Amino acid sequence: MDLSAHGDAMFNAHLQDNRPQATAHLAKTMGYLQLSNTELEAELLKEVDTNPALEIVDELRCPNCGRRLRSLPCPTCAAPAADGSAVVFLSPRQPGGLREAVNEDDDLPETGMPERLDEYILRQIGPALTIEERPVAAYILAQLDENGLFAETPAEIARYKRVSLKTAQHVLELIQRADPPGVGARTPQESLLIQLGGLNDADAPAPGMRNLARLLIQEHFEALGKMEYERVARRLRADHNLYLAPGAIEGAVQYIHRNLTPYPARAYWGDGKTSGAADGAALTNPDVNITQLDWAAGGGLSVEVFAPLSGWLRVNPEFKAAATEGSGEERERWGQALAEAALVTKCLQQRNHTMRRLMQLIAEAQREFILGGDGDLRPTTRVQLAQALGLHESTISRAVAGKSVALPDGRVVPLAKFFDRSLSVRDRVRTLVERESQALTDDDIAEALAAQGIQVARRTVAKYRKMLGILPANVRTRQARARRVTQNLPKGRGPLPTRLGTQPTPA
DNA sequence: CTATGGCACGGATT
DNA sequence: AATCCGTGCCATAG
């Protein structure tokens with residue numbers, strides 16, 4: 001890995017050469033750095049629009065031999081751009097991808113599985129939508145929270161998107177009938193009901209179980225959460241004159257737990273946490289792509305920095321030639337435009353360069369995480385990265401802010417995720433609970449983690465657990481019991497809990 | 001008495 | 001300087 005601050009050295013040399021320009025350069029580079037490619041697109045278009053000296057061309061030809069080129073130093077005549085002015089290659093393949101004129105391999109593997117929830121749903125309902133309904137659907141999908149729920153009412157949609165209430169309702173219903181069952185519901189409760197509607201009576205472990213479940217969700221949702229089964233049973237007997245076999249409620253609850261989820265999106269996206277609060281656009285348009293070169297041989301990771309436009313951004317050579325011939329005031333103006341154009345390309349290059357170095361370092365340090373899962377993330381701080389790169393920490397902050405990266409397996413994660421201190425620990429908590437044979441209390445989990453060399457307070461475990469949407473241990477025990485009952489399994493205890501090498505605490 | 005969740009404090013991070 | 005995060009203490013529920 002190239003850790004030498006080669007580029008920075010050049011940059012700094014440039015700094016010393018000419019002060020006033022240097023500060024402008026710095027300011028602009030930083031400005032660009034903190035833009036995501038979506039934002040940068042607007043910025044660049046504006047520049048090109050206002051500055052006649054800048055141009056975007058579809059293809060680049062060598063200034064000497066006129067051959068079409070992919071990257072800047074012409075391979076045949078090895079001539080750099082005549083004046084050394086920067087040219088930036090904007091990758092044409094991603095709608096709006098850009099990469100630096102360095103990396104040549106052009107085989108972007110079409111990863112099949114990476115799909116955002118919204119795209120996934122849109123694909124299902126797309127054909128059924130009229131032209132008028134499309135924007136409404138897009139709006140709703142964009143507003144889905146990380147659990148796949150949608151907080152607004154049809155009336156609000158209608159008002160906001162200026163369509164009839166009927167249209168809004170229709171689109172919403174379409175979405176709610178789409179695949180992650182229960183998606184688009186307003187509340188967890190509603191989501192459960194929708195999902196329940198999709199289930200078949202035949203699947204229920206006992207006749208009437210589905211109806212009971214519906215009653216429970218509809219009328220006693222609160223109490224259900226509090227596990228007040230006795231009270232609920234009494235109310236049901238009174239209100240509906242129902243005969244309830246002992247354990248029926250528990251059975252229904254267990255039925256609900258097994259077949260429904262209050263968070264429809266999570267089932268599909270595992271942990272699908274869009275931690276960066278619904279920045280859907282950022283996650284559809286990654287700023288960086290990481291691919292694995294030689295998959296089978298566990299090959300290296302290749303980092304590719306995207307930008308929004310296609311083609312080549314450069315100083316228009318004809319304009320440049322003409323500019324020297326002008327006279328007087330005109331010449332002055334043109335000179336300024338030229339300087340500005342050069343600045344833009346340089347800064348863009350600088351941004352790319354910084355991003356590239358940063359990502360290469362991250363890719364190497366977090367190889368495990370990139371190829372593996374959340375549990376393999378090695379917590380890093382921006383400060384550490386800054387030191388390793390010889391940059392200021394605020395530079396890293398800018399670079400990380402609001403960007404996202406596509407990983408080899410198709411996941412698109414916010415860049416900030418690489419700096420999540422507790423991600424790996426949370427993941428460990430999850431696997432611990434998944435593999436538990438007897439509900440582990442928070443203390444148990446903390447203990448097990450300590451055995452793995454991770455020292456966290458019990459209170460912290462509780463928080464992680466909540467973040468993961470895992471219920472408290474005492475509730476999990478009751479669920480387990482209900483499961484045993486309905487499945488007529490022997491009541492005996494299963495294998496001992498996985499305490500992972502720790503001493504069983506004396507009772 | 002045990003297991004959790006709420007509040008708030010201090011230190012680290014941005 | 002503002003924010004985030006882990007943690008300790010305390011109240012509460014079972």
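The analysis underlying the following values was restricted to heavy atoms, covering all of them including side chains, and did not include hydrogens, waters or symmetry mates. For clarity, every value in this text was computed on a predicted model and none was experimentally measured. Reminder, nothing fancy here: chain letters follow the sequence lines and each chain counts from 1.
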Let's test your reading of the model: under 3.5 Å, does the base of B:dG5 pair with the side chain of A:R458 as donor and acceptor? yes
Result of checking A:R426, A:R430, A:K417 against A:D374 for salt bridge (Lys or Arg N to Asp or Glu O under 4.0 Å): A:K417
Base-contact (B) and sugar-phosphate-only (S) positions in nucleotides 9-14 of chain B, heavy-atom cut-off under 4.0 Å, - elsewhere: ----SB
Checking side chain to side chain donor-acceptor pair (under 3.5 Å) between A:Q34 and each of A:K403, A:R351, A:R398, which is the one that passes? A:R398
Given C:dC5, is OP1 or OP2 found less than 4.0 Å from the side-chain N or O atoms of A:Y464? no
Take the protein atom CD of A:Q438 and the nucleotide atom C1' of B:dA3, then report the distance between them rounded to whole Å. 14 Å
Working to the nearest 0.5 Å, report the span between CG of A:N352 and CG of A:L33. 10.0 Å
Using whole Å, what does the distance between atom C1' of nucleotide B:dA8 and atom CZ of A:R459 come to? 11 Å
In whole angstroms, the gap separating C1' of B:dT4 from CD1 of A:I470 amounts to 15 Å
In whole angstroms, how far is the C1' atom of B:dT2 from the CG atom of A:D443? 9 Å
Side chain of A:R465, backbone of A:I470: donor and acceptor closer than 3.5 Å? yes
Do A:T441 and A:D444 pair up side chain to side chain, a donor and an acceptor below 3.5 Å, judged on atom types alone? yes
Remember a base hit wins even if backbone is also touched, and classify A:S394 as base, sugar-phosphate or nothing at under 4.0 Å, heavy atoms. nothing
Base, sugar-phosphate, or nothing: which does A:T441 touch, judged by heavy atoms less than 4.0 Å apart? sugar-phosphate
A:F418 and A:L423, any side-chain heavy atoms less than 4.5 Å apart: no
Check whether any side-chain N or O of A:T395 sits under 3.5 Å from a backbone N or O of A:L391 as a donor-acceptor pair, and report yes or no. no
Return the value, rounded to whole Å, for the distance between atom CG of A:N474 and atom P of B:dC1. 19 Å
In whole Å, what is the span from the CD atom of A:Q455 to the P atom of C:dT7? 8 Å
Has A:K466 got a side-chain N or O lying under 4.0 Å from the OP1 or OP2 atom of B:dG6? yes
Please give, in whole Å, the distance from C:dG14 C1' to A:R476 CZ? 16 Å
In this structure, how many angstroms lie between the C1' atom of B:dT4 and the NZ atom of A:K463, rounded? 12 Å
Has A:R465 got a side-chain N or O lying under 4.0 Å from the OP1 or OP2 atom of B:dT4? no
